[in-house]
Amino acid sequence: MDSSTIINIQKKLLIWYRSNARSLPWRGLKDPYLIWISEVMLQQTQVETVIPYFHRWIDRFPDIKSVAYAPIDEILKAWEGLGYYSRARNIKKTAEIILSNHVGVIPSRPIDLIKLPGIGDYIAGAIASIGFGLDEPALDANGIRVISRLYDFHGLVNKVANKKILKENLRTLLPNGCAGDFNQAIMDLGSMVCLSANPDCESCPIQRECMAFSRNTQKDLPVGKARTKKPHFNVVAGIFEKNGKVLIGKRPTNGLLGGMWEFPGGKIEEGEDHNTALKRELEEELGVNIKLRDAFGEYKHAYTHFSVTVFTYFVEIVEGKPSAKVAEKIEWVDIRSLNDFPMGKVDRSISNDLQEKLDHASSVDSV
DNA sequence: TAGTCGTGGCT
DNA sequence: TAGCCAAGACT
């Protein structure tokens with residue numbers, strides 16, 4: 001791409017951005033801490049979902065110190081519903097590192113940022129360019145789509161080497177001193193005009209410079225890899241209910257829903273019925289013999305790589321005292337206070353339904 | 001490298 | 001409806 005074409009792209013995109021930029025709560029903020037938080041929340045998550053979480057977060061955690069000193073359960077509670085909970089755990093880790101190793105100041109250069117937990121190539125570029133005004137590229141999924149089309153690039157974008165090529169292409173496009181706005185212009189263009197399924201090329205400010213448009217290949221780009229079909233699992237979970245309290249466990253720190261609370265249970269193995277599976281799981285997890293009582297609800301949920309149906313039952317201890325054999329810890333909790341414990345979607349649904357059942361029972365009693 | 005890690009919205 | 005996708009990072 002020659003230098004006059006590059007200058008045209010810079011001018012047209014920045015002008016377009018001035019009048020079409022989305023108005024977002026973190027736009028225009030000068031505090032790199034807030035830029036960092038917004039970028040982490042936006043990872044694999046749509047803008048509309050993030051906005052209310054962002055407001056609540058900066059209200060509760062206005063600065064790095066408040067994050068570093070907060071209990072992990074409070075951090076996870078603020079993150080509940082956003083998913084990818086390692087993001088929240090990594091924010092806390094990084095806040096602690098910044099306090100102890102960087103005198104409380106976020107580093108500005110990508111080379112330093114990328115060493116921090118939860119900050120990868122994209123977020124490092126975003127903080128450097130948007131938060132600190134450095135001339136650094138920030139290439140996200142929108143950018144990958146826009147740049148792939150702009151250069152009519154047909155390499156597989158899952159490949160690290162190909163992503164690097166796209167990033168260097170973006171770097172050559174950056175106007176001096178305006179990298180932050182330019183990066184955001186690319187992202188906004190990708191989210192509003194250069195759409196994945198139906199690109200609106202007629203309203204694109206850089207249609208004339210787009211090599212994919214001139215060859216009519218925009219709908220084939222970017223080239224990605226097809227995902228494999230995801231399996232389904234049937235799961236059982238037990239509700240130990242006693243005197244208005246229930247037993248919940250805190251999942252191990254790492255892995256799926258790490259650090260979140262749940263009702264104990266697990267996968268139904270091949271050939272098992274619900275009764276056998278639940279007795280086995282609760283023996284393994286808590287060291288107790290149980291008896292199944294009434295069935296409660298059935299819960300379906302789709303994760304990224306598999307889906308589940310969770311069958312829940314009220315259970316009763318026949319023998320033994322529950323201990324945390326798998327969970328980080330277990331706790332008997334008042335049903336009314338279940339909301340204080342961070343949970344994933346399924347367990348939150350169970351928890352809400354339990355509270356509703358309790359409300360209904362007490363309203364019947366009072367009649 | 002390729003699999004893992006949540007959830008909501010859209011088609 | 002079942003699958004795809006969204007301001008990615010980590011192992």
Side-chain angles (χ1 to χ4, degrees), chain A residues 21-22 24-27 34-54 76 79-91 93-94 110 113-127 129-131 137-147 156-163 166-167 170 180 182-192 194-198 222 224-232 251-260 262 299-308 342-349:
Chain A
R22 291 178 288 180
L24 304 171
W26 45 88
R27 286 259 161 97
L34 300 177
I35 302 298
W36 165 41
I37 297 300
S38 71
E39 292 299 344
V40 177
M41 285 188 170
L42 286 161
Q43 187 188 321
Q44 299 286 283
T45 310
Q46 293 180 342
V47 165
E48 292 307 315
T49 305
V50 165
I51 290 174
Y53 282 89
F54 182 75
L76 289 174
W79 207 268
E80 181 180 309
L82 263 184
Y84 290 134
Y85 298 94
S86 65
R87 295 184 293 176
R89 301 194 302 270
N90 282 334
I91 284 178
K93 278 188 207 163
T94 286
L113 285 162
I114 208 164
K115 292 175 187 160
L116 298 166
I119 296 181
D121 203 48
Y122 163 73
I123 294 183
I127 295 176
S129 65
I130 303 170
L139 187 68
D140 71 329
N142 287 309
I144 286 172
R145 191 168 56 253
V146 172
I147 304 296
L156 211 59
V157 296
N158 312 67
K159 300 274 182 194
V160 175
N162 286 335
K163 213 174 283 183
L166 293 173
K167 184 182 168 186
L170 172 57
F182 192 82
N183 284 329
Q184 293 181 88
I186 294 273
M187 291 190 265
D188 274 14
L189 190 74
S191 70
M192 296 190 283
C194 196
L195 300 171
S196 166
N198 294 304
K225 224 178 59 179
R227 296 189 193 184
T228 51
K229 217 176 130 186
K230 53 187 189 184
H232 179 86
R251 293 173 64 90
T253 306
N254 295 312
L256 187 74
L257 297 165
M260 306 295 276
E262 67 173 3
Y299 300 84
K300 288 182 185 298
H301 187 65
Y303 296 93
T304 307
H305 284 79
F306 61 93
S307 56
V308 293
M343 290 180 176
K345 246 236 89 198
V346 171
D347 290 277
R348 179 56 63 214
S349 295

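Chain letters run A, B, ... following the sequence lines, proteins first and then strands; every chain starts at 1. Values below: every heavy atom of this structure, side chains too, minus hydrogens, waters and symmetry copies. This one's a predicted model, so the numbers in the text were calculated from it and none came from an experiment.
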Colleague: Base, sugar-phosphate alone, or nothing: which one does Asn183(A) contact when heavy atoms must sit under 4.0 Å apart?
Modeller: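 Counting heavy atoms under 4.0 Å across all strands, no contact is made by Asn183(A).
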Colleague: What's the spacing between Glu80(A) CD and Met260(A) CE if we round to 0.5 Å?
Modeller: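 One gets 5.0 Å once the value is rounded to the nearest 0.5 Å.
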Colleague: From Asn162(A) CG over to Leu156(A) CG, what is the distance, rounded to the nearest 0.5 angstrom?
Modeller: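 Those atoms lie 7.0 Å apart.
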Colleague: Among all residues two or more places apart in sequence or in another chain, which pass the salt bridge (Lys or Arg N to Asp or Glu O under 4.0 Å) test with Lys167(A)?
Modeller: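 If we apply the salt bridge (Lys or Arg N to Asp or Glu O under 4.0 Å) test to Lys167(A), skipping adjacent residues, the hits are Asp121(A).
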Colleague: Rounded to whole Å, how long is the line connecting atom CD1 of Ile144(A) with atom C1' of dG8(C)?
Modeller: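 Ile144(A) atom CD1 is separated from dG8(C) atom C1' by 9 Å.
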Colleague: Which whole-number value in Å describes the distance from Ile37(A) CD1 to dG8(C) P?
Modeller: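 Computing the Ile37(A):CD1 to dG8(C):P distance gives 16 Å.
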Colleague: So, Arg251(A) side chain and Leu256(A) main chain: donor-acceptor pair closer than 3.5 Å or not?
Modeller: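 Pair found, side chain donor or acceptor close to backbone of Leu256(A).
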Colleague: Of all the choices, dC5(C), dA7(C), dC10(C), which nucleotide is nearest to the side chain of Ser196(A) once you look at every atom?
Modeller: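 Shortest atom-to-atom distance from the side chain points to dC5(C).
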Colleague: Under 4.0 Å, counting only non-hydrogen atoms across every strand here, what does Ser38(A) touch: a base, just sugar-phosphate, or nothing?
Modeller: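 No contact.
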Colleague: Please indicate whether Lys300(A) has more than 12 foreign heavy atoms, meaning atoms of other residues, nucleotides or ligands, lying under 6.0 Å from its NZ.
Modeller: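 It does not: Lys300(A) NZ has 12 such atoms or fewer within range.
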Colleague: Could you measure between the two C1' atoms, the one in dG6(B) and the one in dC4(C), and give it in whole Å?
Modeller: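 Each nucleotide's C1' atom is 15 Å from the other's.
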Colleague: Is there a donor-acceptor contact under 3.5 Å linking the side chains of Arg145(A) and Asn142(A)?
Modeller: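 The criterion, which ignores hydrogens and geometry beyond distance, is satisfied for Asn142(A) and Arg145(A).
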Colleague: Could you pull out the protein-nucleic contacts involving nucleotides 9-11 of chain B (nitrogen or oxygen on both sides, under 3.5 Å)?
Modeller:
none

Colleague: Check whether Arg89(A) reaches the backbone of Gly258(A) with its side chain - one donor and one acceptor, N or O, closer than 3.5 Å.
Modeller: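 It does hold such a pair.
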Colleague: Distance check needed: dC10(C) P versus Tyr122(A) OH, whole Å only.
Modeller: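 For the pair Tyr122(A) OH and dC10(C) P, the rounded distance is 15 Å.
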Colleague: What interatomic distance, in whole Å, is found between C1' of dA7(C) and the corresponding atom of dG3(B)?
Modeller: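 It comes out at 22 Å once rounded to the nearest Å.
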Colleague: What integer distance in Å separates Leu139(A):CG from dA6(C):P?
Modeller: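 The answer, rounded to whole Å, is 13 Å.
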Colleague: Mind checking Leu24(A) for me? I need base, sugar-phosphate or nothing, with any heavy atom below 4.0 Å counting as a touch.
Modeller: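 The answer is base, as Leu24(A) lies within the cut-off (heavy atoms under 4.0 Å) of a base atom.
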Colleague: Anything under 3.5 Å between a protein N or O and an N or O of nucleotides 4-7 of chain B, put it in a table, one pair a line.
Modeller:
unit_1	atom_1	unit_2	atom_2	d
dC5(B)	OP1	Leu256(A)	N	3.4
dG6(B)	OP1	Tyr84(A)	N	3.3
dG6(B)	OP1	Tyr85(A)	N	2.7
dG6(B)	OP2	Leu257(A)	N	2.3
dG6(B)	O4'	Tyr84(A)	N	2.9
dG6(B)	N7	Tyr84(A)	OH	3.2
dG6(B)	N7	Thr304(A)	OG1	2.3
dG6(B)	O6	Tyr84(A)	OH	2.6
dG6(B)	N1	Gln44(A)	O	3.1
dG6(B)	N2	Gln44(A)	O	3.4
dG6(B)	N2	Thr45(A)	OG1	3.1
dG6(B)	N2	Leu82(A)	O	3.2
dT7(B)	OP1	Tyr85(A)	OH	3.0
dT7(B)	OP1	Lys345(A)	N	2.9
dT7(B)	OP2	His301(A)	NE2	3.1

Colleague: Which residue lies toward the 5' end of DNA chain C, Ile119(A) or Met187(A), if each is placed at its nearest nucleotide?
Modeller: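 Nearer the 5' end of the strand: Met187(A).
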Colleague: Rounded to whole angstroms, how far apart are CG on Asn254(A) and P on dG3(B)?
Modeller: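 Value for this atom pair: 21 Å.
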Colleague: With a 4.0 Å cut-off on heavy atoms, is Val50(A) in touch with a base, just the backbone sugar-phosphate, or nothing at all?
Modeller: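 Val50(A): no heavy atom of the nucleic acid under 4.0 Å.
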Colleague: So what does Trp79(A) touch, heavy atoms closer than 4.0 Å: a base, only the sugar-phosphate, or nothing?
Modeller: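 No contact.
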Colleague: Atom NZ of Lys167(A) and atom C1' of dA7(C): how far apart are they, to the nearest Å?
Modeller: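 Atom-to-atom, Lys167(A) to dA7(C), this comes out as 15 Å.
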Colleague: Base of dA7(C), side chain of Arg22(A) - is there a donor-acceptor contact under 3.5 Å?
Modeller: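 Indeed there is one.
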Colleague: Given atom CG of Leu113(A) and atom P of dG8(C), what is their separation to the nearest angstrom?
Modeller: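 Distance check: Leu113(A) CG to dG8(C) P gives 17 Å.
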Colleague: Is it true that His301(A) and Tyr303(A) have ring centroids separated by less than 6.0 Å?
Modeller: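 Yes.
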Colleague: Is the backbone N or O of Asp188(A) less than 3.5 Å from a side-chain atom of Ser191(A), with the two atoms forming a donor-acceptor pair by type?
Modeller: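 Such a contact is found between Ser191(A) side chain and Asp188(A) backbone.
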Colleague: Output the rounded distance in Å from CD1 (Ile114(A)) to P (dC10(C)).
Modeller: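 Answer to the nearest Å: 8 Å.
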Colleague: Can a donor-acceptor pair be found between the side chains of Gln43(A) and Tyr122(A) at a distance below 3.5 Å?
Modeller: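 Checked: Gln43(A)/Tyr122(A) side chains show no N/O donor-acceptor pair below 3.5 Å.
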Colleague: Using heavy atoms to find the nearest nucleotide of DNA chain C for Arg145(A) and Leu116(A) separately, return the residue whose nucleotide is more 5′.
Modeller: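 Closer to the 5' end of DNA chain C: Arg145(A).
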